[in-house]
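Presented below is the structure to which this report refers.
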Amino acid sequence: MSLIGGIRPPIAVLSALLLTLAGITALVLGRVEDGGVPKAVLTSQQHFAEDGAVALRASIDESVTDVTRSAALFSAGQPVSGDAVLDKLGSTYQKWMGTTVVDIRSGKLVAARGETVPLTSGDLSSLKGEDGPTPRMVRLRNGEVRLLSFGLLTWPGKPQLLLVASRNLKFPGISLGQFRSIAVVDSEGAILSSDGTAEPESARGSTDRKDIKASTKELTDFAQRAARKAQQDPRGSKEPGSGGYPGVSGSLLGGKLLGDRSVAGYATLAAADPGDTTTAGGLGLSVVAMVKVTERSGGTQSPVFGLAAGGALLLVGALAVAVLLGTVQRPLIRLFLESRRLTRGDLTRPVTVPGYGEAHRIGGALERLRRQLLGESAEATGPAERPSGLRRVGTPALLAVCAVLLLAWSAPLMLLFNRADNTADVPRQLVNDQRERTDTLSDRVRRALNEGDADLQSVASLIGDKTSPEAMAEVLAHTYNENRRYRSLYVVDPHGEIQAREGKEPKVIKSDRVSGRPLRLLGRGGKEPVVVAAAEIPGRNGAQLVGEFRVEFFNALVTRPGLGVVRIVDDRHRIIAGNTGFLAFQSLPDQHLKDLVAAGAQRLGKKPRPSGVLYRDNGVRIAAAAPFSGSGTAESLHWSVVSWQPTGRLAIPEYDAQNRTVLAGLLGAAAAVACLGWLHIVVARPLSTLADRAEALAAGDRKPVLFPQHHDEVGAVTRSLELIRQQLQDQNRRQPRRTPSPQPTAQPSPPEQYTRN
């Protein structure tokens with residue numbers, strides 16, 4: 001018999017699958033949760049650390065790029081003094097702790113602003129060339145760490161100067177909330193900078209001092225553990241196919257103090273795309289975010305349910321397999337044996353006819369064929385008996401009965417048991433994390449807009465009134481290629497005429513290209529929002545440098561795992577960008593989100609605050625909204641970032657139990673459909689066809705040749721019927737032919753004799 005055909009393999013596979021599933025169900029559904037920290041909380045801390053790493057990496061790379069680009073733009077223009085360079089740099093960017101211009105050949109300090117830049121000892125004359133030295137970290141005497149970025153100022157006939165800018169390693173715009181600490185860690189596990197950690201001097205009592213000491217110790221321990229884990233390859237630190245963050249990231253579980261458990265997430269600084277290299281990614285830094293959460297008390301499930309479900313599957317599976325063995329397999333094997341007996345010439349015993357369906361029809365046909373082999377005619381054996389009552393139940397109906405039995409176990413698991421309703425216990429920490437991460441994204445978008453505006457201001461101030469159109473085109477090309485946030489860069493005169501352009505064709509019409517506002521949102525009513533930044537070029541009578549932002553740039557900014565659906569909305573609550581598909585200027589999907597955005601935009605004190613909430617109507621979901629809050633020109637846009645996600649996707653014990661229960665039901669249904677469908681294909685359909693052919697053969701139709709479709713029990717019975725057909729044909733040929741006796745011919749009567757009288 002074939003290994004994949006016949007009736008035995010499907011039944012055997014079904015039995016093995018049901019037995020395995022019963023064991024898994026008893027073990028998995030019967031597992032009791034020990035309480036503690038849900039996995040969703042640990043994953044959320046991992047994502048929080050990844051957000052911090054992304055923000056710090058982007059900030060460091062942006063700072064390095066700003067220094068090198070500014071130095072290149074200064075070098076492309078007329079020579080200026082070191083003080084002029086630092087004044088212009090300081091008026092455009094407010095991100096460095098200190099800036100310095102140094103004569104490379106002599107090592108003389110030319111100009112300085114801010115704190116003293118900690119220049120390392122070395123031969124500055126060796127730093128000649130097109131590029132300055134690579135950024136490096138240095139430690140001050142007070143223990144703080146500074147990152148130094150370098151740029152070369154080169155003019156023909158002038159001594160080459162080195163532009164140096166120092167910055168700290170603080171996180172830009174990371175919203176920590178309460179009871180959270182975040183730190184930058186080097187490759188050795190040393191904490192270079194931290195936020196959110198309280199100083200021992202701020203303690204109000206012995207309990208506070210104990211808590212601060214324990215928190216500091218936990219953060220130090222997390223930093224060392226994260227540094228060790230950061231040494232592994234990012235591809236080996238995740239489960240195969242998980243994708244996600246391109247660097248090494250994960251979560252850590254700490255000690256317990258006063259009923260709270262310390263948990264942390266860690267992430268290395270990595271480029272946005274796997275395989276790329278950046279300045280920040282080469283510094284060997286990691287981010288560790290620690291928070292204290294309240295552990296769950298008690299389990300979520302009793303082991304009795306899993307044991308009962310596994311036992312019920314054993315009973316139902318045993319009944320289904322018994323039906324298949326008793327009503328499908330055994331009659332078919334009996335037909336196979338009876339047909340072989342007839343082909344061997346054993347015709348003394350009548351054929352044992354099965355009681356139901358196609359097997360009954362085939363058995364009846366075999367009995368009629370046995371009598372015909374003994375010499376009776378097809379007419380004498382009579383017509384095929386049509387089964388009635390229960391005997392009409394065929395193999396498809398029996399398979400359907402087995403399917404109903406198995407689905408009667410699977411369907412309740414998929415639809416009824418262990419359902420996590422609107423009363424599911426969602427940890428408050430998840431709502432807090434959703435709010436803080438959304439606020440971090442909002443600040444990131446705001447800073448990106450401010451950086452874009454600052455870049456245009458810097459480039460516009462360097463173009464000046466003496467730059468030729470060719471030189472302007474060169475500057476625009478350099479800026480466009482170095483900064484991918486713009487889809488188009490162009491210089492326009494006071495009337496909106498384009499004098500130089502780089503990138504795609506502008507979407508802003510001529511009348512809207514010149515404006516006194518540095519940042520604008522255009523395109524309402526169209527298919528794509530147009531975010532425009534403009535900077536006036538000094539000395540050109542109102543000419544402006546205009547940059548149009550790419551929508552994909554904003555979409556990439558808000559694409560972060562673990563936040564669900566994220567949208568950037570304008571002051572009218574219309575969608576500007578998002579991490580999933582959206583229609584431009586479409587409203588938010590429901591009134592709850594609109595109210596949440598409106599509530600977040602209300603000022604509490606000097607600035608608006610982010611808000612997060614847990615909705616329990618129409619499904620449980622977490623939502624958060626964070627308006628632009630901070631300095632810079634982007635705040636005037638009054639945009640907000642809003643995010644929401646259903647809690648059913650989170651690794652919360654109630655939903656884990658529901659998902660495992662549904663999975664068990666799905667596996668049971670899949671096993672039933674697969675194996676019973678297999679039986680229907682290889683047994684039920686061929687058996688129905690064979691029954692029709694067997695009855696036709698018993699009725700005297702000896703011409704069609706019977707070919708087996710598969711090498712299995714049905715095929716064996718088909719081969720036996722073909723042999724019987726051949727025997728009957730030989731039997732007919734061996735019988736003497738009976739010729740009809742000739743009919744007597746009529747003799748002509750003798751002619752009448754006429755006599756004369």
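When reading the values below, keep in mind they use all heavy atoms of this one structure, side chains included, and skip hydrogens, waters and symmetry mates.
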ask   = Under 3.5 Å, side chain of Arg660 to main-chain N/O of Leu29, donor-acceptor pair present?
value = no
ask   = Of the non-hydrogen atoms in Asn659 and Gly648, which two are nearest, and what is the gap between them?
value = ND2-O, 4.2 Å
request  = Look at the side chain of Thr343 and the backbone N and O of Arg340, then say whether any donor-acceptor pair between them is shorter than 3.5 Å.
outcome  = yes
task = Please tell me if the side chains of Leu324 and Ile7 come closer than 4.5 Å, counting only heavy atoms from C-beta onward.
result = no
ask   = Taking only residues two or more places apart in sequence, or in another chain, which ones meet Asp51 in a salt bridge (Lys or Arg N to Asp or Glu O under 4.0 Å)?
value = Arg437, Arg560
Side-chain heavy atoms of Val613 within contact of Ile622, under 4.5 Å = no
request  = Keeping the roles fixed (side chain from Ser339, backbone from Ser720), state whether a donor-acceptor pair exists under 3.5 Å.
outcome  = no
ask   = Sub-3.5 Å donor-acceptor pair from the side chain of Ser44 to the main-chain atoms of Ala40, do we have one?
value = no
Sidechain-backbone polar pair: Thr689 side chain, Arg685 backbone, donor-acceptor under 3.5 Å = yes
key: Closest non-hydrogen atom pair between Ala230 and Thr268, with its separation   = CB-CG2, 3.4 Å
ask   = Are the side chain of Gln434 and the backbone of Leu563 linked by a donor-acceptor contact shorter than 3.5 Å?
value = yes
Nearest non-hydrogen partners of Ala698 and Leu369, listed with the distance = CA-CD2, 3.7 Å
key: Side chain proximity check, Leu650 to Thr43, heavy atoms < 4.5 angstrom   = no
query = Residues in side chain to side chain donor-acceptor pair (under 3.5 Å) with Gln329, at least two apart?
reply = none
inquiry  = The criterion is side chain to side chain donor-acceptor pair (under 3.5 Å); which residues satisfy it with Ser587, sequence neighbours excluded?
reply    = Arg574
query = Got a sec, which pairs hit ring pair (Phe, Tyr, Trp, His ring centres under 6.0 Å) with one end in residues 642-661, sequence neighbours left out?
reply = none
ask   = Can any side-chain N or O of Arg567 pair as donor or acceptor with the backbone N or O of Gly578 at less than 3.5 Å?
value = no
ask   = Side chains of Thr294 and Gln429: closer than 4.5 Å at any heavy-atom pair?
value = no
ask   = Thr327 side chain to Val323 main-chain N or O, any donor-acceptor pair under 3.5 Å?
value = yes
request  = Of all the heavy-atom pairs spanning Val351 and Glu367, show the shortest one and how long it is.
outcome  = N-OE1, 2.8 Å
query = Is the closest basic N to carboxylate O distance between Glu722 and Arg719 below 4.0 Å?
reply = no
note = Minimal heavy-atom distance between Thr718 and Val714, with the atoms involved, is OG1-O, 2.8 Å
task = Answer yes or no: is there a donor N or O on one side and an acceptor on the other, between the side chain of Gln645 and the main chain of Gly562, under 3.5 Å?
result = yes
task = Go through the steps for Arg8 and Glu713 under the test salt bridge (charged side-chain N to carboxylate O under 4.0 Å, His left out), then give the verdict.
result = CA-CA 9 Å; Arg8 292 185 179 92; Glu713 294 86 356; 3.0 Å; yes
query = Would you find a donor on one side and an acceptor on the other, under 3.5 Å apart, between the side chain of Tyr615 and the backbone of His592?
reply = yes
request  = Run the salt-bridge test on Asp433 and Arg428 with the 4.0 Å N-O cut-off and return the result as yes or no.
outcome  = no
task = Applying salt bridge (charged side-chain N to carboxylate O under 4.0 Å, His left out), run through Arg621 and Asp590 and close with a yes or a no.
result = CA-CA 13 Å; Arg621 56 176 175 163; Asp590 60 57; 2.8 Å; yes
Side chain to side chain donor-acceptor pair (under 3.5 Å) partners of Thr395, counting only residues at least two apart = Glu358
Side-chain atoms of residues 405-415: list all donor-acceptor pairs with protein atoms under 3.5 Å, sequence neighbours left out, distances to 0.1 Å.
residue : atom : partner : partner atom : Å
Trp409  : NE1  : Ala309  : O            : 3.0
Ser410  : OG   : Leu406  : O            : 3.2
Ser410  : OG   : Gly665  : O            : 3.4
Ser410  : OG   : Ala669  : N            : 3.2

Heavy-atom pair of closest approach, residues Leu588 and Ile575 = CD2-CG1, 4.4 Å
ask   = Between Asp692 and Arg361, is the closest basic N to carboxylate O distance under 4.0 Å?
value = yes
